[in-house]
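Read the structure below first, then the notes.
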Number of protein chains: 2
Amino acid sequence: MLKRLSKDIKKINIKRKSTIKDIANVLNISPAAVSKALHDDSRISEKTKKAVKQVAKNLNYQPNHLASALRKGKSNLVGVIVPRTNSHFFSSVIQNMEEVLNKKGYNIIMTHSNESYKKECDSIDTLLFTQVDGIIASMANETIDLEHYNKIKSKGIPLILFDRGENDLNVDYIGIDDYKSSHIIVKHLVEQGCKRIAHISGYKHTRIFNNRIRGYIDALKQHDLPLEEELLIESSLTIEDGRKKMLQLLSLKNRPDAVYVAGDYAALGALQVLKEQNIKIPNDIALVGFGNEPFTALVTPSITSINQHSEQIGKLAAKTFLEHAKTDTVKQTLNKKILDAELIIRDSSRLKS
Amino acid sequence: MLKRLSKDIKKINIKRKSTIKDIANVLNISPAAVSKALHDDSRISEKTKKAVKQVAKNLNYQPNHLASALRKGKSNLVGVIVPRTNSHFFSSVIQNMEEVLNKKGYNIIMTHSNESYKKECDSIDTLLFTQVDGIIASMANETIDLEHYNKIKSKGIPLILFDRGENDLNVDYIGIDDYKSSHIIVKHLVEQGCKRIAHISGYKHTRIFNNRIRGYIDALKQHDLPLEEELLIESSLTIEDGRKKMLQLLSLKNRPDAVYVAGDYAALGALQVLKEQNIKIPNDIALVGFGNEPFTALVTPSITSINQHSEQIGKLAAKTFLEHAKTDTVKQTLNKKILDAELIIRDSSRLKS
DNA sequence: ATGTTTTGCTTAAACGTTTAAGCAATCGGT
DNA sequence: ACCGATTGCTTAAACGTTTAAGCAAAACAT
């Protein structure tokens, strides 16, 4: 008995993949009818639908995605390009996009540019080749030229940018209000009693970092603090560069009493230097990072940082794509969705007593 | 002049995607000849090949991946399932797999189970539906039942497991030598002068954690240390559980002088507790983690950990798939590739002076 | 009873590619 | 000059699905 059962199972397994035609043959109806029954077409009787679904189950029918994609002219795949996957921000964005897109029958093909312009171009080629229905991307640090993105637009498939985007491309963009974030940070530091606030910033040519710089400058003005050139330093925002730029700040004859770093990794480097030099945080120098990477809560002292709402960004990006997918008129026009960032206050900048 | 140029570009852009037929029409040859020319078939003259490739370029021809996949019965997509994407280990594995697979014309579809059995099943369905040519996976913590993996095998597509795998499945497996890793750790701690070595372990039902436990027990024996039940604690290995289990160890009347934690996140939780209670690390209690997550080097004190060679695992997994892909005889048989792990010694366990 | 609408299907073409089979022209050898 | 092999292509079918068009039967209205 048991033996026969396992034999039957084997027979089913060995049998090649069953198709719509197989179902049609069993029921003596046309493949077209089967297709319609499976899609609950109104012109198919309930009786037939039930029968078709039952047979489909019995034959362990799995629709061939390639065939339907080819016929319908869409693959139900969305390409995602991120600079890195190993940052919490990007992996969280992807997870949330996936959640929204999966529900609507879309799958994600993920690629990463590794912050390289060349790899970003390759990624785009790969995704277009795979016939994705849309691309959601965040630009590499290196990227200045935008010709490769125009390739996407000219194919007529929707392009959505997040976090690192460019206004010039005239496409949907989702991100946080970097300008305002700087204001929130400066305000917080001023409230803690800081008077000489330094800014280790990202590269000016990237819009988001530029916005943070502008925000920093304007916020200083607003609080009647002078802008001192020696306190504003551009950085690649790696850990190592964070260390370097912090050392540079410490070598000033007139040291800052607070440092706002435009990225958490660089902030961590700065923190290490401060600890090594036995500088009291936040009493001697307060520290604020950007991005709310998980480790900011884990190091000692924990680092105040800006939550970029990766969940919302991921979900919004996905939803924006879905809107395009519904109305396949690709009216690409600049459509920014800007979220308010949130300051997570931790020990590195908590009120001096 | 400039105007006419931009108009021409527009014309090309607007034109619908060009196909093999379009090229055929231009050259007055058959689509079949074009296809063969593009694939450098030996039965096509060099002259025709050159002409075809030139026209293809002019028309900005991009092969339709769906059509060729349908016809050839393979999608050139590889599905990857990981428990999480936000750990350095998994994201590094994926990046390295991608590198190897891209070179051979394969793309990756990435999914994550979020450590959930249910999501793992869904992921498999999704990937099978997308007609992937193979699946590379690491199991969720929750997974005990393996029926869903048999589904992959019964479809006849190659399955390769890494890190979290099960021998029972009889498929390729790539991982590190967990048993030996425990030996290396215990030996190291003994050399630092530790005599009461505790182990906060993962769940016994997961083979890799079971191997670490067996290694821990055998290594103690080898160094003539008694195995004390109260020093061996199973854990989910989250930060929170690491804290909890560390507190449990501290509440013992006879505290350990070293703690080997089977995961870095839990080790971090343990570290926090030790610091909060002003216990000197490593002098009072030495600490060792597992996985070499980047933050182990960043916290204070830095945490000694085991490097799992994510790069090699990723590359090996990819190469193993490629071997299967070449010889499409899917002779699935248990084929383990076990790498030696490497102990990265840091401050949390460095020689007591 | 007759015409109209609705229901429930079928037929056939299409998506863009690959490939087995086949055929004419050319070439090499005798 | 003739045979066989080689070259360089063509024809046509196939992959599995979807969908526009169409047709017969049933249901309804008058």
Side-chain angles (χ1 to χ4, degrees), chain A residues 15-53 55-56 59-77 105 128-133 155-156 328, chain B residues 15-53 55-56 59-77 105 128-133 155-156 328:
Chain A
K15 203 186 153 183
R16 85 185 195 309
K17 261 178 216 166
S18 48
T19 72
I20 273 193
K21 266 188 192 165
D22 299 327
I23 303 178
N25 285 339
V26 170
L27 294 170
N28 256 321
I29 57 176
S30 73
V34 174
S35 171
K36 284 176 186 162
L38 290 172
H39 289 88
D40 277 324
D41 188 296
S42 63
R43 299 285 291 270
I44 300 292
S45 71
E46 282 307 321
K47 199 177 127 199
T48 307
K49 280 183 194 170
K50 221 170 235 168
V52 164
K53 283 172 188 173
V55 174
L59 295 183
N60 191 26
Y61 167 75
Q62 299 260 142
N64 184 323
H65 166 255
L66 294 172
S68 78
L70 174 61
R71 175 59 231 246
K72 295 202 288 195
K74 56 182 298 222
S75 64
N76 275 43
L77 292 172
L128 291 179
F129 169 73
T130 320
Q131 316 281 125
V132 294
D133 290 344
K155 289 254 173 208
D328 49 15
Chain B
K15 203 188 155 181
R16 88 188 192 306
K17 261 180 215 165
S18 47
T19 73
I20 274 192
K21 265 188 194 163
D22 298 327
I23 302 179
N25 286 339
V26 170
L27 294 169
N28 256 320
I29 55 176
S30 72
V34 174
S35 171
K36 284 175 185 162
L38 290 172
H39 289 88
D40 276 324
D41 189 295
S42 63
R43 300 285 292 271
I44 299 291
S45 70
E46 282 306 322
K47 199 178 127 201
T48 308
K49 279 183 194 170
K50 221 170 237 170
V52 165
K53 284 173 188 172
V55 174
L59 295 183
N60 192 25
Y61 167 75
Q62 298 261 143
N64 184 323
H65 167 254
L66 294 171
S68 79
L70 174 61
R71 176 59 231 245
K72 295 202 287 195
K74 56 181 300 220
S75 64
N76 275 44
L77 292 173
L128 292 179
F129 169 73
T130 320
Q131 316 281 123
V132 294
D133 290 344
K155 288 258 173 200
D328 50 16

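Proteins come first, then strands; the chains are lettered A, B, ... in the order of their sequence lines, and each starts at number 1.
One atom, CD of B:E46, and another, P of D:dG8, lie 9 Å apart when rounded to the nearest Å. Straight-line distance from the CZ atom of A:R43 to the P atom of C:dT6: 10 Å, rounded to whole Å. Rounded to an integer number of Å, the gap from A:I23 CD1 to C:dC9 C1' is 17 Å. Nucleotide D:dT11 holds its P atom 12 Å from the CD1 atom of B:I29, rounded to whole Å.
Checking side-chain atoms of A:H65 against main-chain N and O of B:L128 turns up no donor-acceptor pair under 3.5 Å. A:N76 places a side-chain N or O within 3.5 Å of a backbone atom of A:G105 that can act as its donor or acceptor partner. At least one donor-acceptor pair under 3.5 Å links the side chain of A:T19 to the backbone N or O of A:K21. No donor-acceptor pair closer than 3.5 Å links the side chain of B:K17 to the backbone N or O of A:K155.
Phosphate proximity of D:dT7 to B:S42: absent, as no side-chain N or O sits under 4.0 Å from OP1 or OP2. Contact check, A:T48 against C:dG8: no side-chain N or O comes under 4.0 Å of OP1 or OP2. Dashed line: the shortest gap from a side-chain N or O of B:S45 to OP1 or OP2 of D:dC9 is under 4.0 Å.
Nearest heavy atoms, A:K49 versus A:I44: CE-O, 3.5 Å. Pairing each heavy atom of A:S30 with each of A:A24, the nearest pair is C-CB, 3.8 Å.
Direction change of the helix axis from one end of the helix from C:dA1-D:dT30 to C:dT30-D:dA1 to the other is 40°, with five pairs defining each end axis (rounded to 10°).
To the nearest 0.5 Å, the span separating CD on B:Q62 from CD on A:Q131 amounts to 8.5 Å. Note that CG of B:N25 and CG of B:L59 are 10.0 Å apart. Values are rounded to the nearest 0.5 Å.
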N/O contacts under 3.5 Å, protein versus nucleotides 14-18 of chain D?
from	atom 1	to	atom 2	distance (Å)
D:dA14	N3	B:R71	NH1	3.1
D:dC15	O2	B:R71	N	3.3
D:dG16	N2	A:A67	O	3.3
D:dT17	OP1	A:Y61	OH	2.5
D:dT17	OP1	A:N64	N	3.2
D:dT17	OP2	A:I20	N	2.6
D:dT18	OP1	A:H39	NE2	3.1
D:dT18	OP2	A:S35	OG	2.6
D:dT18	O2	A:R71	NH1	2.2

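At the heavy-atom level, B:S30 lies under 4.0 Å from base atoms of the strands shown.
Here A:K53 pairs with A:D40 under the salt bridge (charged side-chain N to carboxylate O under 4.0 Å, His left out) rule; sequence neighbours left out.
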